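Treat the numbers as computed from the prediction; the structure is a model and nothing was measured. Positions are given from 1 along the sequence.
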Amino acid sequence: MDPENNGEVVAVLESPQQQEEETTLAAAAEKEVETQPDVCTEPENPAAAAEEEQVVNGGGHDEAHGAAVTGTESEEKVETEVEQSSPQPEAETAPVVVPVEPIPAPEKSPEPDPDPEDLPELIPEADVTEKATQEVPGQEQEPQAEPQPANLEEKTQEQVKVVTEAVAAEVSKEVLPEDGGEPAKEELGKTTEVAESAVPKEAESSDTVPENEAPAPAAGSLSFALLEHEKTKDALQNSRTLVVLRGLPGSGKSFLARAVADAYKDRCSVFHADDYGVKPENQDSNTEGHKALDAAVVACCAEPSVLIVVDDTNHTQDRLARLGELARENRLVVVFLEPRTEWSKDATRLVKMTSRKLKPAQITSMKRHLEEVPLPLYFGWFLLPPVQDQLRSTNADFLKALNALDAFKERIADFSENENKEVDLTQHFKAKGSLHCTTKFSNYGKATGAKEYAAKPAVRESYGSVFDLSLTALFVTPRTVGARVSLTEEQLELWPSDAEKEAESLPVGSRAHITLGCAQGIEPVQTGLDLLEILALQQEGQQGEPVADMDLGPLRFYGDGRWMLEFKEPMCTPALFSSFYKRDGPEGGQSKKESKKKCTIL
């Protein structure tokens, strides 16, 4: 092997004293060369091993076996001299040892120190500089350039590859016994392991976040009224409520579900869509899973639980509408919540957070559907179930009493084309949906000002809170029957400024009401317009015709079939500030043209 072409051996600069000993060591080595086995060992001390290798290379070379040999006495003497002449490092490092062919000793002068730049494949530059400094004390060393951190992983992998290939080549030529066999494979395996262990830890990627390792959500992630407001918590402890969680996989829905369950303990039941085989990334295959989930929710309505939590993505309008229907059919109020984690809309992070092994494209697709229905059909205060029953009973008593009055019978033509035909007001009006006071009709974000309303801090902070609404009157027209709501200053923050655009002269909040029933073919929106008509007459100075003094208060007639019963004492009704979703299509089969015609002030 040509010493000039051997770029895989680190030569150590010899001192004059070492050169004087070469002749003696060489003679001793030649006597024992034929008796030494052909082996390759890994020294414990790298510096001593380097000195020993240099001495052997200068003292003898067996052409027949191609192996370096030393005597026991020579080894001890060399190790003593190395310890005296070279400072030892403070801590041992694991060297990269490669079996190589011994180099014959030079005849005239010692071989110069190889340039560290020629040895990047075996020893990092920093190690070469350190060894040179240790072995030649007192000699001024030029500062070495620090290795660049860029592409460190690439560089180290290339180093391992080159070292492994070099080791394999050398082992095949030098380490294999003459008859071949397993020893070479074992040696190659050992050397490869040593080479791989030389890869710096910094080369490993530090940017990869372990999958499913969800960080702790920020403090604001659980800032929901049903978890923080004592008044809301107390009210929901005695009411039947459906909590619908919606959001992308990995956004923190299950984390929120656990928080709700912990807050309400044994009075809460949680249903995870995953337990029913629902796969949010494939809506077409979820029909059976959603049926099973819905059946479980309905069955739970017969149990003592007052809070029912549905943990699902719920990113389509149909699914939200279906859960809303379940709530109304089973006499529950419903609130829709989305996680407030900082990564709830970050598709890249959600891929790592979810345990469903979804692809970024799948998350992005679901995110698009979720954003298509960001807002409900409308926002409002929804009366809690026990209060709904009380108000419906009060209204029924009022309609029966009005129906029995002679003053009403005299004006029956306002309600029927046949003056001689009696009208049963309890049958004339049909209730539609759960009782509520609408604040903002948003039409799924399409209505004017809907997005601005939903973004108001008061709306975001109050969503899911329980308020006490003050009912001050009941009113009846041939089209609708309803209850007037008087809003407080706090509640007016949730009331749109343009709600009274049909009667701008009236104060903000005048239109607040609860629809208790509608005549056939009439939309609930007409109830607010009927109330504005009566209030506009009062503003003009018309006090109405006194008819009777009833138990709840005085009854007055305002003409054209308009009647109002003003309460002596306001009726307090707890209501949940929430939202409403429905299936596509006009309610009750009404066409838009027909609905618009009948929803006007007469």
Side-chain angles (χ1 to χ4, degrees), residues 391-392 394-419 421-431 435 437-438 469-487 499-571 597-602:
L391 183 55
R392 291 185 190 278
T394 300
N395 179 60
D397 292 341
F398 167 60
L399 293 179
K400 290 178 182 178
L402 179 61
N403 223 142
L405 291 176
D406 291 338
F408 176 77
K409 293 178 180 178
E410 293 173 358
R411 299 172 175 86
I412 196 67
D414 294 333
F415 290 83
S416 173
E417 296 178 356
N418 187 351
E419 296 182 1
K421 183 180 180 180
E422 295 184 359
V423 175
D424 184 355
L425 294 180
T426 59
Q427 298 299 319
H428 180 77
F429 299 110
K430 302 296 182 181
L435 301 183
C437 175
T438 301
L469 298 184
S470 178
L471 308 187
T472 57
L474 294 176
F475 59 93
V476 176
T477 74
R479 296 163 297 279
T480 61
V481 56
R484 183 186 180 188
V485 179
S486 296
L487 302 178
E500 287 77 23
K501 59 185 178 182
E502 290 85 359
E504 296 180 355
S505 60
L506 294 175
V508 175
S510 298
R511 189 174 178 171
H513 68 280
I514 296 172
T515 297
L516 298 174
C518 295
Q520 184 177 2
I522 302 298
E523 295 294 327
V525 67
Q526 182 65 46
T527 311
L529 300 177
D530 289 348
L531 174 61
L532 290 179
E533 285 184 2
I534 298 175
L535 297 179
L537 293 174
Q538 290 179 348
Q539 189 182 45
E540 294 173 358
Q542 299 186 29
Q543 299 301 320
E545 178 186 344
V547 176
D549 190 7
M550 307 182 73
D551 292 341
L552 294 176
L555 175 66
R556 298 177 184 274
F557 177 66
Y558 289 88
D560 295 331
R562 294 181 289 248
W563 305 77
M564 176 173 277
L565 172 66
E566 295 183 355
F567 293 157
K568 296 176 183 178
E569 296 292 337
M571 180 183 297
K597 178 180 178 181
K598 294 187 177 180
C599 295
T600 57
I601 294 181
L602 300 179

Pairs meeting criterion ring-ring contact (aromatic ring centres under 6.0 Å, His included) with involvement of residues 534-561, two or more places apart: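 Matches after skipping sequence neighbours: F557-W563.
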Stepwise side-chain contact (heavy atoms from CB on, under 4.5 Å) check, R562 with L537: CA-CA 11 Å; R562 294 181 289 248; L537 293 174; 3.6 Å; yes
Taking the side chain from [X] and the backbone from [Y], do they hold a donor-acceptor pair closer than 3.5 Å?
{"X": "Q539", "Y": "S505", "result": "yes"}
{"X": "Q526", "Y": "R479", "result": "no"}
{"X": "N403", "Y": "V423", "result": "yes"}

Measure the shortest side-chain to side-chain distance between [X] and [Y] over non-hydrogen atoms and say whether it is less than 4.5 angstrom.
{"X": "T515", "Y": "T480", "result": "no"}
{"X": "E533", "Y": "T477", "result": "no"}
{"X": "L516", "Y": "L399", "result": "no"}
{"X": "L529", "Y": "R511", "result": "yes"}
{"X": "F398", "Y": "L565", "result": "yes"}

All salt bridge (charged side-chain N to carboxylate O under 4.0 Å, His left out) counterparts of R484, not counting sequence neighbours: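 With sequence neighbours excluded, R484 shows a salt bridge (charged side-chain N to carboxylate O under 4.0 Å, His left out) to no residue whatsoever.
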Heavy-atom pair of closest approach, residues [X] and [Y]:
{"X": "A519", "Y": "P478", "value": "CB-O, 3.6 Å"}
{"X": "A407", "Y": "V547", "value": "CB-CG1, 3.6 Å"}
{"X": "L425", "Y": "L402", "value": "CD1-CD2, 3.7 Å"}
{"X": "A512", "Y": "L531", "value": "O-CD2, 3.6 Å"}
{"X": "E566", "Y": "Q538", "value": "OE2-NE2, 3.5 Å"}
{"X": "G509", "Y": "L487", "value": "CA-CD1, 4.2 Å"}

Pairwise distance CD(E410) to CD1(I412) - rounded to 0.5 angstrom: 11.0 Å
Residues F429, N395; criterion side-chain contact (heavy atoms from CB on, under 4.5 Å); working and verdict: CA-CA 11 Å; F429 299 110; N395 179 60; over 6 Å; no
Exceeds 12 heavy-atom contacts within 6.0 angstrom, atom NZ of K568: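 Counting neighbours around NZ of K568, more than 12 heavy atoms of other residues, nucleotides or ligands fall under 6.0 Å, so yes.
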Flag if over 12 foreign heavy atoms under 6.0 Å of CG, D551: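 Open.
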Working for side-chain contact (heavy atoms from CB on, under 4.5 Å), residues T472 and V485: CA-CA 6 Å; T472 57; V485 179; over 6 Å; no
Identified side chain to side chain contact (heavy atoms under 4.5 Å, CB included) partner of D424 from the options Q427, E422, H428: Q427
